[in-house]
Amino acid sequence: MPATGPRIVSRRIALVLGGGGMKGFAHLGVLKALEEKGIVPDLIAGTSIGALIGASYLAGSSVEDLTERALALKRKDLFRVNHFGMLLDRMRSPSIYLEEPLRTLCESSIPEGTFSDLPKRLLVNTVDVDRGTRVVWGLPGLENVSVRDAVYASCALPGFFPPAQVGDRRCMDGGVVDNLPVSIAAHFADMLIAVDVGSSDSFAGARADASGFASIYMRAATMMMHALQQFPLEQWQGPPMVLIRPKVDDTNWLSFANTADNVQEGYRAAKRALERFDSYFGNPGSVFPRRRVQVDVDREKCTGCGTCVAIAPSTMGMDASGKAFARTHIVEWSPADGRFVHECPTNAITATNIDRRTRISAPQAAPVAADVSDTDATESA
């Protein structure tokens, strides 16, 4: 019989950077943490600002340079109201803001060329406006178009910036259908590192209408994007995934006030999530890191509405008296778990990290999963 050598285990790594407006500068901190740990992605997929940062990084920009440019960026450099268009066209105007500033940002950050010119595969998530379908540029057969055009389109939030022509299609922000394109990236990887900055807003005590209709629109967009991406994360059957959800609490996606804090928070969250990175390989269908959590229900607050059971039937149940209960008192959660805690209309459910004894309840809604997982609790593979 021919001699056989040791089995070679493939370790292709895909980095997926989600959309989230200016909160996406947290991606820069994640890139810094990856470099320090010696993790080199074989592919980068991104939506909106995730696509912009991913394309710039693959094209050769350093994390230090990208961070310096992010800190220097001002609102006037990107958001200039389309007064003329709205005055003449009114409701027929394609956008609130002018296209040119965002175009200029893309052109100054990304060299001319197509996806085929990049040293590694880049996937840029967009939506075809006219056909109503998702188009992920950089996939086989979708590589011979301008990277700049595709990235601009991915950043073109509907109503805020006009759509863009990419090849023979008119495209806009891919976050409309998938803000964190992990399923597409999974076809090219043995491990995913996914960075979600669009679902971690803290809504407690913040009025959605405090800053006008734009704030209301972005609040609605946040909830929509979170709901769309939760299903594939909760039902994940692909390669092992490290899900990083930095606690970027700025509820205004369009604010530049917290850029430095967002970068630092991305770095902190990534360092913690990647502590046991090498042990995650070979665990398909799993989302990491995993932590032990204690789930409790306040029976006096519980009205028996059944919302928690409808969302998480494997975790929650209804007893004979019509009150909710946790089927398993101690559960092991990834950052993708725990959404039902937020959905309880009476705040009757709490989730407590066992080791750190940090209690999470509905008022801290959106960061529930991040807070539960991003602690010093015991991990298991």
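Test Arg169, Gln165, Arg103 against Asp149 for side chain to side chain donor-acceptor pair (under 3.5 Å) and you get one pass: Arg103.
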Give the C-alpha distance, both sets of side-chain angles, the deciding distance and a yes or no for salt bridge (charged side-chain N to carboxylate O under 4.0 Å, His left out) between Lys323 and Asp298.
-> CA-CA 9 Å; Lys323 298 288 187 177; Asp298 186 328; over 6 Å; no
Could you go step by step and tell me if Arg291 and Asp337 meet the salt bridge (charged side-chain N to carboxylate O under 4.0 Å, His left out) rule?
-> CA-CA 10 Å; Arg291 315 288 182 171; Asp337 299 313; over 6 Å; no
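Ring orientation note: the planes of Tyr152 and Phe161 are nearly perpendicular, at an angle over 60° on the 30°/60° scale.
Geometrically, Arg121 does not engage Phe115 in a cation-pi contact defined by less than 6.0 Å to the ring centre and at most 45° from the axis.
A single hydrophobic cluster is seen to contain both Val309 and Val331, as judged by linkage of ILVMFWY side chains at heavy-atom distances under 4.5 Å, directly or through other members. Hydrophobic clustering, with ILVMFWY side chains joined whenever heavy atoms are under 4.5 angstrom apart, keeps Val176 apart from Leu17. One hydrophobic cluster, built from ILVMFWY side chains closer than 4.5 Å, cannot hold both Leu180 and Met172; they sit in different ones. Under the 4.5 Å side-chain heavy-atom criterion for ILVMFWY residues, a single connected hydrophobic cluster contains both Val341 and Met318. Residues Leu66 and Phe25 are members of one and the same hydrophobic cluster, defined by side-chain heavy-atom contacts under 4.5 angstrom among Ile, Leu, Val, Met, Phe, Trp and Tyr.
Looking only at side-chain heavy atoms (C-beta outward), Met191 and Val242 come within less than 4.5 Å of each other. The shortest side-chain heavy-atom distance between Ile193 and Ile39 falls under the 4.5 Å cut-off.
Note on Arg268 versus Glu265: salt bridge recorded, some NZ/NE/NH1/NH2 to OD/OE distance being below 4.0 Å.
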